[in-house]
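Encoded as structure tokens, the structure appears first; notes follow it.
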Amino acid sequence: MSERTLRLYDTMTRQVKPLELIEPGCLRFYSCGPTVYSYAHIGNFRTFLTADLVIRTAEAIGWTVKYVSNITDVGHLTQDDVADAGGEDKMASALKSKEGEQFNNVWELAEYYEDAFREDWARLNLREPFVRPRATQHMREQIVAAEQLIEQGYAYETPTGVYFSVDSFKGYGKLSGNTQENLRKAVREVVLDDNKKEQADFALWKKDDKHLMQWYSPFGWGFPGWHLECSVMARMYLGDTLDLHAGGEDLVFPHHECEIAQSEALTGKPFSNHWIHTRFLQVNGEKMSKRTGNFYTVRSLLEKGADPLAIRYALISGIYTKPLNFTDQGLSDAMGNIERFKRSDAAVAAALENGGDGPDTIGVALDELYEQALDAMTNDLNTSVALAKALEGTRVIQREAESLSKASGESGKRYLDRINALLGIVRPEREVAGPAVVTPASKVDEARIQALIDERAAAKKAKNFARADEIRKELDAEGIELRDSPEGTNWVVKTAL
RNA sequence: GGUGCCGUGCCCAAGUGGCCCAAGGGGACGGUCUGCAAAACCGUUAUUCGGCGGUUCGAAUCCGCCCGGCACCUCCA
């Protein structure tokens, strides 16, 4: 298995190619994180899940992963066509919105949404980065980088800020195809800013002594440009050249293009040897937006009764290089599949506890399926095939669920453990701290349900099936489904999904 | 105008030159099991891959044109 490699589509060369590591066996990986001005939505999480699957697959083939994902808490502006002339910071804008009224200042707002983000992250079984740097904690490094770029002739200062001169870096446009030449041909009307030499020049530092978040620099009070943080933090924690850099498809241009320009101008070395970008998530066939009411966050789905693992499953059910359509039906399908993994997990646990001495009848088949799933993942993260193989394994287990030997139970456990490590869909991996989200399940009266179940059991024993069915029907109307088994009656909260 | 992507069964979605008369999930239908229900398991459900032409011994996969959809071109994951 150490012979395996991880093949991924590279945005720069536009082909699928193996990840080549600078340091054998150690993947240096940077993934752009969220701007914490609101709750992250499920589209954000599709991108973060792509990074998570890279990490899991890399670990499964025996690599260690140095993974860094940042928190953007300053400098990301709302409208960049006028940004360099004075667009508003996303954080400041959020503070003024209705949701922002509960916060005393932008710092509190950032902290609140960062905490919420970390909770959602943990609920979806995403691997933790070894460091999650914040832009605001790396001011010094960003200021130094801007100064160095000026010294080296790649940037210049004006009365409004420090700008990177796109013409000074000949590789500009190599990632996105948006070379200066192509940009000049764009028909789009842009607001000209007399403070810059070229329209495409982007800000490394914005001078602004009225800004809600400002720092002192040799250029005066102000704040750093959005692109600079990633260049600086990636270099600081992972070195001059990364093995892999990831993000959403919208980041190809301008964000990553600008990162490349800054970093390579600064170091004279390639910034990243491989680039992956996750295509956008559509919701019910449309672009997700607050306006059309199809804007889903992790917590809004939990409140509707979704299992966080099902959200994860639905978001990784399609391959990251293609747009994925997230639908209510898809989430509901995912709920059913997650149930299958959980039932298999329970069957295996039962076999380990009470299984007989018979031979292991499923180990060979399960090992084969795991290998196929891993192969699929190493082939450009083919999650659709990997999930198909993973599900086949549950069928192998369920087929013999009533009669699994202890030895089979051990094989089953090993299989589910490995599938969970690879795909993260069998069980929650971490306790989630923080305020509980109110779900349908947290609102039911458990004692009353148990009383009705007991009554029904008595009725069944007395062959009073009419009363037993009545109770089933009554609870069903309240959204509670009863499930009889040899061990007794369980219940689950039915969801509206 | 520039750059890139996609169109596979009722729905979601793999497959990108022969192993494909096309995975897997959902749905539907039939069966086993069950007081009922659920779950589980078994079986059936695309001679066909947006349309038309072409290349090839061979095409869902390559090429051309057309139709339809999407993304980016300084808000966005």
Side-chain angles (χ1 to χ4, degrees), chain A residues 11 14 31-35 40-51 76-84 87-88 90 93 173 176-179 181-188 190-191 199-203 226-227 246-255 257-258 277-282 285-289 313-314 317-319 321-327 329-330 332-337 339-340 343-344 347 372 376 382-392 394-395 397-402 460 463 465-466 468-469 472-473 476 481-485 489-490 492:
Chain A
T11 310
R14 307 221 164 102
S31 172
C32 286
T35 302
H41 53 66
I42 56 173
N44 299 119
F45 275 104
R46 165 139 129 121
T47 297
F48 305 141
L49 279 162
T50 302
H76 198 166
L77 305 175
T78 52
Q79 30 175 339
D80 273 11
D81 54 340
V82 294
D84 298 331
E88 191 168 26
K90 280 175 172 287
S93 170
S176 62
N178 286 330
T179 55
E181 192 188 344
N182 282 339
L183 287 171
R184 288 197 184 102
K185 278 191 283 188
V187 293
R188 185 187 173 89
V190 284
V191 179
Q199 182 52 35
D201 292 353
F202 56 90
W226 172 42
H227 313 303
E249 62 171 316
D250 56 314
L251 296 187
V252 173
F253 189 88
H255 189 52
E257 196 70 76
C258 294
H277 292 96
T278 305
R279 299 300 308 271
F280 268 137
L281 185 75
Q282 315 266 102
E286 300 182 307
K287 182 166 178 170
M288 180 162 43
S289 79
Y313 189 107
S317 63
I319 293 173
T321 51
K322 281 192 190 181
L324 176 69
N325 187 17
F326 184 95
T327 60
Q329 177 67 52
S332 161
D333 292 355
M335 292 282 275
N337 288 132
E339 274 298 306
R340 278 174 59 176
R343 264 189 265 273
S344 295
Q372 290 174 350
N382 191 332
T383 43
S384 295
V385 169
L387 290 170
K389 297 300 176 187
L391 281 171
E392 271 186 58
T394 65
R395 187 158 288 140
I397 292 168
Q398 289 296 147
R399 200 174 286 152
E400 301 187 29
E402 301 305 312
K460 278 172 68 171
K463 304 253 186 251
F465 295 122
D469 289 346
R472 175 191 289 290
K473 219 171 153 185
D476 187 74
E481 183 180 306
L482 297 181
R483 293 177 179 174
D484 295 335
S485 76
T489 302
N490 293 317
V492 293

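Keep in mind that this is a model prediction, so the values were computed, not measured. Just so it is clear: chains get the letters A, B, ... in the order the sequence lines come, proteins before strands, and each one is counted from 1.
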Using atom C1' of each nucleotide, how far apart are B:rA13 and B:rG24 to the nearest Å?
8 Å

Which nucleotides of nucleotides 3-8 of chain B have their base under 4.0 Å from a protein heavy atom (B), which only their sugar-phosphate (S), and which neither (-), written as one string 5' to 3'?
SBS-S-

When the C1' atoms of B:rG30 and B:rC63 are compared, how many Å lie between them, rounded to an integer?
46 Å

Between atom CZ in A:R46 and atom C1' in B:rC70, what is the gap in whole Å?
13 Å

With heavy atoms under 4.0 Å as the rule, sort A:H255 into base, sugar-phosphate or nothing.
nothing

Taking atom P of B:rC10 as reference, at what distance in whole Å does atom CG of A:D333 sit?
17 Å

Protein-nucleotide distance (A:I319, atom CD1; B:rA14, atom C1'), rounded to Å:
6 Å

A:S31 side chain vs A:G247 backbone, donor-acceptor pair below 3.5 Å:
no

Assign A:G43 to base, sugar-phosphate, or nothing according to its heavy-atom contacts below 4.0 angstrom with the strands shown.
base

Can you give me the closest heavy-atom contact between A:S176 and A:F253, atom names plus distance?
OG-CD1, 3.2 Å

Please report the distance separating the C1' of B:rC72 from the corresponding atom of B:rC66, rounded so that it comes out in whole Å.
25 Å

Heavy atoms only: give me the nearest A:R46-A:I319 pair and the separation to one decimal.
NH1-O, 3.5 Å

Would you give the length of the straight line joining atom SG of A:C32 to atom CG of A:N44, rounded to the nearest 0.5 angstrom?
12.0 Å

How close or far is atom C1' of B:rG25 from atom CG of A:L324, stated in whole angstroms?
13 Å

Please state the P separation for the pair B:rG43 and B:rC62 - nearest whole angstrom.
34 Å

What's the CE-P distance between A:M335 and B:rG27, to the nearest Å?
13 Å

Atom-to-atom span, CZ of A:F280 to P of B:rA71 - whole angstrom
9 Å

Salt bridge (charged side-chain N to carboxylate O under 4.0 Å, His left out) filter on A:R279, not counting sequence neighbours, yields A:E249

Can you tell me how the ring of A:W226 sits relative to the ring of A:H255, calling it parallel under 30°, perpendicular over 60° and tilted otherwise?
parallel

Who passes salt bridge (charged side-chain N to carboxylate O under 4.0 Å, His left out) against A:E400, sequence neighbours left out?
none

Give the B/S/- string for nucleotides 30-44 of chain B, one per nucleotide from 5' to 3', where a protein heavy atom under 4.0 Å of the base yields B, of only the sugar-phosphate yields S, and otherwise -.
-----BBBBSSSS--

On a heavy-atom basis, which atom in A:G177 and which in A:R14 lie closest, and how many Å separate them?
N-NH2, 4.5 Å

Across the strands shown, which category fits A:A347 at heavy-atom distances under 4.0 angstrom: base, sugar-phosphate, nothing?
nothing

Nearest 0.5 Å, what's the NZ-CG distance between A:K460 and A:D469?
9.5 Å

Just the rounded figure in Å: distance from C1' of B:rC75 to CG of A:L251.
12 Å

Counting distance only, does the side-chain N/O of A:T383 pair as donor-acceptor with the main-chain N or O of A:G318 below 3.5 Å?
yes

Using atom C1' in both nucleotides, what's the gap between B:rA14 and B:rA23 to the nearest angstrom?
6 Å

Interatomic distance at P, B:rA22 relative to B:rA46, whole Å
9 Å

Tell me which nucleotide among B:rC72, B:rC75, B:rC70 gets nearest to the side chain of A:F253.
B:rC72

Check side-chain contact (heavy atoms from CB on, under 4.5 Å) between A:Q372 and all other residues, then give those that pass, not counting sequence neighbours.
A:E368, A:L369, A:K389

Could you grab the distance from atom CG of A:L324 to atom OG of A:S317, nearest 0.5 Å is fine?
5.0 Å

Taking Watson-Crick (N1-N3 plus N6-O4 or O6-N4) and G-U wobble (N1-O2, O6-N3), each under 3.5 Å, can you produce the dot-bracket string of RNA chain B? Use [ ] for crossing pairs and | for inter-strand ones.
((((((((.[[[..)..(.....]]]((((((.......))))))....[[[[[..)....]]]]])))))))....

Could you give the CG-to-C1' distance, from A:L387 to B:rG26, as a whole number of Å?
14 Å

Starting at the 5' end of RNA chain B and moving along, which residue's nearest nucleotide shows up first, A:G330 or A:F45?
A:G330

Sub-3.5 Å donor-acceptor pair from the side chain of A:R340 to the main-chain atoms of A:L391, do we have one?
yes

With rounding to the closest Å, how many angstrom separate the C1' atoms on B:rG58 and B:rG17?
8 Å

Under 4.0 Å, heavy atoms only, any strand: does A:L281 hit a base, just the sugar-phosphate, or nothing?
base

